[in-house]
Amino acid sequence: MRRGVELSVALVLVWILQFAIPHTRAQSTTKPGAPASGATSSSAETPTLDYEFFRTRVEPIFLKKRPTHARCYVCHEEANHALKLSKLSPGNTTWTEEESRRNFDTVSQLVTPGDPLGSMLLHHPLAPEAGGDAFHSGGRQFESQSDPDWRTLADWVRGGKSK
């Protein structure tokens, strides 16, 4: 009974967070025929989320086994909450192009471009003492903002481009 109550509270908190944090639709910068973004950018411009950076550097974090934690994918595969990653095709250890595009669209809704701590994707699994959320049912995936994987996610949110 207590487990059911805890799960219900967790789901309500996730739902509240989903609607309490503003979400911005991301744009893929790798579409064929799309003009390259300018070399200079003003601090007033909102960064664009780069699909290739996401596919090559962010998605692997979701599949990575972290010490004392399950992989993000384990809990977020076809989940019934905001971070619902595509199920890997049978026999695959990485996502197909189509699955990655779906993941990009989903995950992009959980970030505020240019604002890592204002983005649920980075705030929610970060330890509270490091500036994160008070609750994440998957534990503290990131103990600090200096965690290399957290920094990779933050770089993407800040508009990092694939090289």
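Heavy atoms only: backbone and side chains are in, while hydrogens, waters and symmetry mates are out. This one's a predicted model, so the numbers in the text were calculated from it and none came from an experiment.
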> Do Leu122 and Gln145 come within less than 4.5 Å of each other through their side chains, counting heavy atoms only?
no
> What are the two closest non-hydrogen atoms of Thr46 and Pro113, and how far apart are they?
CG2-CB, 3.7 Å
> Enter the distance from Ser86:OG to Glu98:CD here, rounded to the nearest 0.5 Å.
8.0 Å
> So which heavy atom on Gly118 is nearest to which on Thr112, and how close?
O-OG1, 3.2 Å
> Write down the atom of Asp149, the atom of Lys64, and the distance for their closest heavy-atom approach.
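Residues Asp149 and Lys64, closest heavy atoms: OD2-NZ, 2.9 Å.
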> Drop me the distance from Ser108's OG to Leu121's CG, to the nearest 0.5 angstrom.
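Going from the OG atom of Ser108 to the CG atom of Leu121 covers 9.5 Å.
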> Look up atom OG1 in Thr93 and atom CG in Leu88, then write down how far apart they are to the nearest 0.5 Å.
7.5 Å
> Heavy atoms only: give me the nearest Leu110-Ala82 pair and the separation to one decimal.
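Minimum heavy-atom contact is CD2-CB, 3.5 Å.
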> Can you find a pair of side-chain heavy atoms, one from Phe104 and one from Leu49, that are under 4.5 Å apart?
yes
> With a 4.5 Å cut-off on side-chain heavy atoms, are Trp95 and Ser89 touching?
no
> How long is the span from the CZ atom in Arg55 to the CD atom in Glu99, to the nearest 0.5 Å?
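If we round to the nearest 0.5 Å, Arg55:CZ and Glu99:CD are 12.5 Å apart.
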> Does any non-hydrogen side-chain atom of Glu129 lie less than 4.5 Å from one of Glu143?
yes
> Is the closest basic N to carboxylate O distance between Arg102 and Asp105 below 4.0 Å?
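Not counted as a salt bridge, because no side-chain N and carboxylate O are separated by less than 4.0 Å.
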> Do Leu126 and Asp147 have side chains that approach each other closer than 4.5 Å (heavy atoms only, starting at C-beta)?
no
> May I ask you to establish whether Arg101 and Tyr51 are in a cation-pi arrangement, using a distance under 6.0 Å from NZ or CZ to the six-membered ring centre and at most 45° from the ring axis?
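Yes, a cation-pi geometry.
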> Looking at Phe53 and Thr152, what are the two nearest heavy atoms and their distance?
CE2-O, 3.6 Å
> Could you tell me how the ring of Phe54 sits relative to the ring of Trp156: parallel (under 30°), tilted (30 to 60°) or perpendicular (over 60°)?
tilted
> Please report the C-alpha distance between Ser100 and Glu59 in whole Å, then the side-chain angles of each, then the deciding distance to 0.1 Å, and finally whether the side-chain hydrogen bond (donor to acceptor under 3.5 Å, both in side chains) criterion is met.
CA-CA 8 Å; Ser100 288; Glu59 272 190 325; 2.7 Å; yes
> In sequence, state the C-alpha distance, the side-chain angles, and the governing distance for Leu153 and Val58, and then conclude on side chain to side chain contact (heavy atoms under 4.5 Å, CB included).
CA-CA 6 Å; Leu153 295 171; Val58 172; 3.4 Å; yes
> Rounded to the nearest 0.5 Å, what separates atom CG in Asp50 from atom CG in Asp155?
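So the gap between those two atoms works out to 12.0 Å.
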> Nearest 0.5 Å please: distance from the NZ atom of Lys84 over to the CD atom of Gln109.
14.5 Å
> At their closest point, which heavy atom of Pro47 faces which heavy atom of Gly159, and how far apart are they?
CB-CA, 3.7 Å
